[in-house]
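Working notes for the structure below.
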Amino acid sequence: AQSVAQPEDQVNVAEGNPLTVKCTYSVSGNPYLFWYVQYPNRGLQFLLKYITGDNLVKGSYGFEAEFNKSQTSFHLKKPSALVSDSALYFCAVAPGYSSASKIIFGSGTRLSIRP
Amino acid sequence: ETGVTQTPRHLVMGMTNKKSLKCEQHLGHNAMYWYKQSAKKPLELMFVYNFKEQTENNSVPSRFSPECPNSSHLFLHLHTLQPEDSALYLCASSQGRTGLSGNTIYFGEGSWLTVV
């Protein structure tokens with residue numbers, strides 16, 4: 001069965017420190033991987049995605065994510081956290097082997113950046 | 001400002017009321033989705049439309065009735081809802097299904113529904 005896991009419900013980081021939000025997946029074939037961010041009382045906003053090619057993907061607001069096929073992971077990273085990065089982050093995977101494949105969302109990780 | 005607009009942003013309705021949520025996408029996409037987001041629960045896919053034809057219904061109760069008159073508009077008609085249906089309802093769109101070429105899903109800001 002296809003699945004995506006975000007093992008941490010909450011991540012706390014001091015402003016200015018690097019941050020990592022973890023995501024692992026289990027799908028057949030070559031996956032398409034996504035990160036979304038949700039600010040309070042807002043919809044999900046697309047941050048970045050991995051389709052193919054370079055394993056390091058750069059996205060909006062200084063975020064990046066690294067696709068690691070051997071570890072089946074797609075962790076979200078940022079070198080220096082801002083208080084404004086505090087939000088709910090969702091990892092998602094589309095199995096990619098069928099046009100009918102559906103995107104599967106993780107349960108979300110709440111990122112809290114303290115001043 | 002997103003390319004997917006949802007109205008109303010907030011809705012309070014009684015269990016015997018009939019109301020509708022509206023979604024419009026300005027991105028030229030051909031696939032549209034309804035998701036439900038409840039506290040402490042994963043995002044739930046409800047319905048999928050592709051070229052205004054329903055391609056997926058994830059066992060959603062019949063008190064939720066979707067309508068897609070064209071590729072740019074999607075409605076969710078609500079009737080005789082229960083308090084547990086209170087949630088954030090998110091509309092989204094993509095250029096083709098996400099399984100094909102990793103098309104990105106773009107979300108609207110959501111409609112907060114409270115059933116009293």
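Below, chain A is the first sequence line, B the second, and so on; all start at residue 1. For the numbers below, each heavy atom of this structure counts, side chains included, while hydrogens, waters and symmetry mates do not.
For the atom pair CG of A:L48 and OG1 of B:T104, the computed distance is 10.0 Å after rounding to the nearest 0.5 Å. Atom CD1 of A:I103 is separated from atom CG of B:N103 by 10.0 Å, given to the nearest 0.5 angstrom. Separation of atoms CG (A:L44) and CG (B:L90) is listed at 6.5 Å; rounding is to 0.5 Å.
Connection of B:F64 to B:Y35 is not established within any shared hydrophobic cluster, with ILVMFWY side chains joined at heavy-atom distances below 4.5 Å, either directly or through further cluster members. No continuous path of ILVMFWY side-chain contacts below 4.5 Å connects B:Y49 to B:V4, so the two sit in separate hydrophobic clusters. B:L45 and A:Y36 fall within the same hydrophobic cluster, where Ile, Leu, Val, Met, Phe, Trp and Tyr residues are linked whenever their side-chain heavy atoms come under 4.5 Å apart, directly or through other members. Residues B:M46 and B:L43 fall into different hydrophobic clusters, defined by Ile, Leu, Val, Met, Phe, Trp and Tyr side chains chained together at heavy-atom separations under 4.5 Å. In the hydrophobic clustering of ILVMFWY residues, with side-chain heavy atoms under 4.5 Å counting as a link, A:L111 and A:V4 come out together.
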Next on the checklist: Run the ring-ring contact (aromatic ring centres under 6.0 Å, His included) test on A:F46 and B:F107 for me, step by step, so that the C-alpha distance in whole Å, both residues' side-chain angles and the decisive distance to 0.1 Å come before the verdict.
Outcome noted: CA-CA 8 Å; A:F46 170 68; B:F107 287 83; over 10 Å; no

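In this structure, the side chain of B:E109 does not engage the main chain of A:R42 through any donor-acceptor pair within 3.5 Å.
Contacts between A:N41 and chain B at a heavy-atom distance below 4.5 Å involve backbone atoms as well as side-chain atoms. Heavy-atom distances place the side chain of B:Q37, and not its backbone, under 4.5 Å from chain A. Neither the backbone nor the side chain of A:Y50 comes within contact range of chain B, judged by heavy atoms closer than 4.5 Å. With a 4.5 Å cut-off on non-hydrogen atoms, A:Q38 touches chain B through its side chain but not through its backbone.
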